[in-house]
There are 2 protein chains.
Amino acid sequence: MTTIKDVAKHAQVSVATVSRVLNNNGYVNEDTKKKVVRSIKELNYKPNAVARSLFKKESKTIGLIIPDIMNPFFPELARVVEDVMNKRGYTVILCNSDANPEKEAHYLDILKRKYVDGVMIVTNTLEQDHIKEWELPLVGLDRPLEHTVPSVYSDNIHGACLAVSHLKEIGCHHIAHIQGPLTIANAKQRYQGYKQEIEKNDSFQEDLVVPGEYQWQTAEAAAISLLKNHPYVDGIFAGNDVMAFGVIKAAIKTGRKIPEDLQLIGFDNIFMSEMMHPSLTTISQPIDEMGKKASELLLSLIKGNASVEFPKPFKATLKKRSSTLQV
Amino acid sequence: MTTIKDVAKHAQVSVATVSRVLNNNGYVNEDTKKKVVRSIKELNYKPNAVARSLFKKESKTIGLIIPDIMNPFFPELARVVEDVMNKRGYTVILCNSDANPEKEAHYLDILKRKYVDGVMIVTNTLEQDHIKEWELPLVGLDRPLEHTVPSVYSDNIHGACLAVSHLKEIGCHHIAHIQGPLTIANAKQRYQGYKQEIEKNDSFQEDLVVPGEYQWQTAEAAAISLLKNHPYVDGIFAGNDVMAFGVIKAAIKTGRKIPEDLQLIGFDNIFMSEMMHPSLTTISQPIDEMGKKASELLLSLIKGNASVEFPKPFKATLKKRSSTLQV
DNA sequence: TTGTACGCGTTATCAG
DNA sequence: CTGATAACGCGTACAA
C-alpha cells in the first residue's frame with residue numbers, strides 16, 4: 001500500500017502539498033503540481049478512504065436497511081439507489097432487517113460506528129426518541145415515517161381506489177381484497193382505499209377481505225377458500241403483485257379463467273408482473289423515481305441542507321394488462 | 001460522539017486500560033475492569049469502527065460484486081451471504097457491475113481503499129494479472145474463476161445433462177435449447193451439457209438451439225420462432241428459469257399446452273419458479289449452500305488461511321414440477 | 001506558494 | 001497490572 005508520504009518523498013515535496021493537489025484546494029504552483037501528479041500516477045497512488053474518513057468523519061457510504069432483499073419489490077429499489085449513489089461516489093451497505101426492530105437497531109448501531117453518511121430505511125417501527133438520538137441523515141422509504149424524517153412513498157389509498165374503481169368500471173360487482181399484514185402501513189392504506197371505494201356504491205362486506213400476508217402461498221390459499229365461500233366474486237384486488245400471483249394459481253385451481261371469470265389487479269408493478277400469464281394488471285408504483293428521489297433527498301441531507309423538502313406521496317397509476325378485460 | 005478518552009477520564013484510568021477491557025486482552029484488575037465497564041455503560045460508549053479500521057487495516061466489511069441485483073438469481077445469493085456475514089460481525093457492500101469489466105475494476109478499487117476485508121464476485125472477465133495485484137481475499141461465485149481464486153459454482157454440464165436426459169425419459173424426441181449468452185461460462189456449459197446428452201442418441205441439430213440472452217422477453221420471441229420453424233419440438237431445456245418463463249408465454253401464444261404438448265425444464269430454481277403456472281420443473285442449484293460455502297471460504301481466507309480449500313462444483317438436482325409429465 | 005506539526009480514535013508496544 | 005506513547009494515513013491551521 002502506497003501512502004501519501006511515499007508520494008511526497010517521490011515528488012520531493014511535503015505531504016501537505018500532495019494533499020492539496022489531491023483535493024484541489026489551497027494554492028499550489030503549476031510545476032510542482034505537475035510533479036506531484038506524475039508521482040501519483042507513477043506510484044499508482046490511491047488515497048486511503050479509511051484515514052480520510054477518520055479525519056472527515058464521513059465515509060462516502062450509506063446504509064440501506066430493508067426487510068428482505070428477496071422480496072421482489074426491493075431489488076428494484078436497491079438497484080436504483082445503488083446506481084445513483086455510486087454515480088455520486090457513494091457506496092451502499094445492504095442490511096436485511098426482516099422487519100425486526102432489534103435487527104434494525106443493530107444495523108443502525110453498526111452503521112453509525114462506521115461513520116456512514118446517511119441511511120435509507122424501510123421500516124414499520126421507528127420510535128421517535130431513537131430517531132433523534134441518531135443525528136444521522138435519514139430518509140424513509142416505501143412508508144411514511146415520523147414527522148422528523150422525510151420519506152418517499154406512494155399514495156396507497158389513492159392507488160387502491162384506482163384499482164377498485166377500475167374493477168367496477170369493467171363490470172365487477174363483487175370485488176374482494178387480499179390484504180397484506182396490517183402491521184405494515186401501506187397494507188393498511190390499500191385496505192382503506194379498497195373499503196372507501198367499495199362503500200361509494202355497495203355496502204362494504206367484511207368477509208370479502210382476506211389476509212394474504214404479502215406472500216403468494218398464503219394468498220393462494222386465502223383466495224381458494226374465498227372463491228369457495230363466495231363463488232360470485234368476480235373481481236379481486238390484491239394488496240401486492242406477489243399475492244396476485246397466488247390468486248392466479250387459485251383461479252386455475254378453482255377452474256376460473258382470468259379475466260373472463262375473474263378479474264384481477266395487483267399492486268406495485270414489480271417487473272415479474274408483466275411476465276406472468278396472464279400478465280398482471282396492477283397499480284404501478286414509480287419505483288425508479290421513488291428510488292431516485294430518496295437518494296437525492298439523502299444526498300441533500302448529507303450535504304447539510306438542514307431543512308430538506310418533505311416530498312408529496314407519489315401517485316401510483318393503473319397499468320392495464322391481461323388480467324382484466326379491456327374496456 | 002463519545003470516545004475512548006471520555007471513558008478513560010470518566011473511569012479515571014488510561015485509554016490503554018479501557019482498550020484492554022474492550023478487547024479482552026492484556027491483564028486488567030477485576031475492580032478497575034468493573035469501573036471501566038460501568039463507565040462504558042454509563043456513557044453508552046461504542047468504539048469507533050473507522051479508527052479501529054485505520055489501525056488494524058481491516059474493516060469488518062466485505063464487498064459483494066454481482067452483475068445486477070435485479071436478476072432474480074442474485075437476491076437469494078445476496079441474502080444468504082449477508083446473513084452469514086452479519087452473524088460473523090461483517091457488513092456487506094453491494095455492487096452492481098452489469099458484468100462490465102470497468103465497473104468491476106472501479107468497485108474493486110473503491111473497496112480496497114475502504115479496507116474491505118475481502119470480496120465475493122460474480123464475473124466473467126477477471127484477468128489473471130489483476131487478481132494478483134489485489135492481494136485481497138477473494139472468492140468467485142456462480143462461475144469458476146482463475147486457478148488462483150477459489151470459486152463456488154455448480155456443475156452446469158451435469159445439470160444440463162440431467163435436464164435433457166429427464167426430458168428424454170418422459171418421452172421427448174425433439175428437444176430444443178434456449179441458450180444463455182455464451183460470454184457467460186455457465187451458459188456455455190449448460191449448452192455443452194445439452195449437446196452432449198443429445199448426442200448420446202440422436203444427432204445434434206444446431207437449429208434447435210436458439211439464443212435467449214438469459215431474459216424472458218428474448219426467450220419468448222426465440223421460442224415462438226423456434227416453435228414455428230420446428231413445430232415437432234416436444235421438449236425445451238431453457239438455460240435458466242427466467243427464460244423458461246418466456247417459453248411458457250410462447251407456448252400459450254402458439255397454442256401449446258405445457259406439459260401435454262410441450263415439456264419444459266429450466267435451470268436455477270429461483271423461488272418464483274414454483275409460483276408460475278405451470279410450476280416449473282427445473283434444475284435446482286443449492287443457492288443457499290453455495291452462498292454459505294462461499295461466505296465460509298471468504299471468512300477463512302480473511303482469517304489468514306493462506307491455502308484454502310477449492311470446493312468441488314455443487315451438484316444441481318432435478319426438481320420435478322408441473323411443466324413436465326410425471327413418469 | 002510550501003512545509004511542520006497536530007488531531008481524528010484506536011490499538012499495541014514498552015516501560016514502570 | 002497500568003500508563004505513556006507511537007503508530008495507522010490523511011487533512012488543515014499555522015508559520016514560514
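Because only heavy atoms are used, hydrogens play no part in the values below, and waters and symmetry mates are left out as well, while side chains stay in. Throughout, protein chains are lettered first and strands after them, A, B, ... in sequence-line order, and every chain is numbered starting at 1.
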Please report, rounded to the nearest Å, how far the P atom of D/dG11 is from the CG atom of A/N24.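 In whole Å, D/dG11 P and A/N24 CG are 12 Å from each other.
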
Between B/K33 and B/N24, does the side-chain contact (heavy atoms from CB on, under 4.5 Å) criterion hold? Intermediate values first, please. CA-CA 10 Å; B/K33 182 170 182 174; B/N24 260 327; 3.6 Å; yes

Donor-acceptor pairs are to be reported for all side-chain atoms of residues 292-299 of chain B against protein atoms at under 3.5 Å, with residues two or more places apart or in another chain.
| from | atom 1 | to | atom 2 | distance (Å) |
| --- | --- | --- | --- | --- |
| B/K293 | NZ | B/E309 | OE1 | 3.4 |
| B/K293 | NZ | B/E309 | OE2 | 3.4 |
| B/S295 | OG | B/G291 | O | 2.7 |

When you match B/S14 and A/T2 each to their closest nucleotide on DNA chain D, which lands nearer the 5' end?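 The answer here is B/S14.
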
Indicate yes or no: does A/D109 engage A/R113 in a salt bridge with an N to O separation below 4.0 Å. yes

Please determine if A/K87 and A/D83 form a salt bridge, counting it only when a charged side-chain N lies under 4.0 Å from a carboxylate O.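 No, this pair does not count.
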
For atom CD of A/E58 and atom C1' of D/dC10, their distance in whole Å: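 So the CD-C1' distance, A/E58 to D/dC10, works out to 13 Å.
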
Quick check: do A/E58 and A/I302 have side-chain heavy atoms less than 4.5 Å from each other? no

Does the pair B/S300 and B/N305 meet the rule for a side-chain hydrogen bond (donor to acceptor under 3.5 Å, both in side chains), with working shown? CA-CA 6 Å; B/S300 173; B/N305 297 12; 3.1 Å; yes

Taking only side-chain nitrogens and oxygens of A/R52, does any of them come within less than 4.0 Å of OP1 or OP2 of D/dG11? yes

Grab the CE-C1' distance between A/M1 and D/dC10 for me, whole Å please. 12 Å

Roughly how many Å is it from NZ in B/K112 to P in D/dG9, rounded to a whole number? 14 Å

Polar side-chain atom of A/D117 near backbone of A/S59 as donor-acceptor pair, under 3.5 Å: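 At least one qualifying donor-acceptor pair exists.
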
List for me each residue that meets side-chain contact (heavy atoms from CB on, under 4.5 Å) alongside B/P144, sequence neighbours excluded, and say none if there are none.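 B/P144 satisfies side-chain contact (heavy atoms from CB on, under 4.5 Å) with B/Y153, B/Q189 only.
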
Let me know the distance between NZ of B/K5 and P of D/dA4, rounded to the nearest Å. 12 Å

Check the distance between D/dA4's C1' and B/I4's CD1 and give it to me in whole angstrom.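 Rounded to the whole Å, the gap is 14 Å.
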
Rounded interatomic separation in angstrom, taking CG from B/L54 and P from D/dA7: 14 Å

CA sep, side-chain torsions, deciding dist, call: B/M1, A/K112, side-chain contact (heavy atoms from CB on, under 4.5 Å): CA-CA 10 Å; B/M1 195 73 214; A/K112 219 171 150 186; 5.6 Å; no

Please work out if A/V50 contacts a base, only the sugar-phosphate, or nothing of the nucleic acid, heavy-atom cut-off 4.0 Å. nothing

Atom pairs, N/O to N/O, protein against nucleotides 12-16 of chain D, distance under 3.5 Å?
| from | atom 1 | to | atom 2 | distance (Å) |
| --- | --- | --- | --- | --- |
| D/dT12 | OP2 | A/N25 | ND2 | 3.4 |

Have a look at B/T32 and say if it touches a base, only the backbone sugar-phosphate, or nothing, with a 4.0 Å heavy-atom cut-off.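 Sugar-phosphate, backbone atoms only, no base.
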
Would you mind reporting whether A/I40 and A/L22 have side-chain heavy atoms less than 4.5 Å apart? yes

Just N and O in the side chain of B/Y115: are any of them under 4.0 Å from OP1 or OP2 of D/dC10?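 No, no such contact exists.
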
Bend angle of the helix from C/dT1-D/dA16 to C/dG16-D/dC1, end axes from five pairs each (to 10°): 50°

Does B/T123 have any side-chain contact (heavy atoms from CB on, under 4.5 Å) partners at least two apart in sequence or in another chain, and if so, which? B/E104, B/I121, B/T125, B/L126, B/L145

Take A/Q285 and A/F73 through the side-chain contact (heavy atoms from CB on, under 4.5 Å) test and state the conclusion after the steps. CA-CA 10 Å; A/Q285 294 199 65; A/F73 182 75; 3.6 Å; yes

Which nucleotide of DNA chain C is the first, and which the last, in the 5' to 3' direction, to come under 4.0 Å of a heavy atom belonging to chain A? C/dT1 to C/dG9

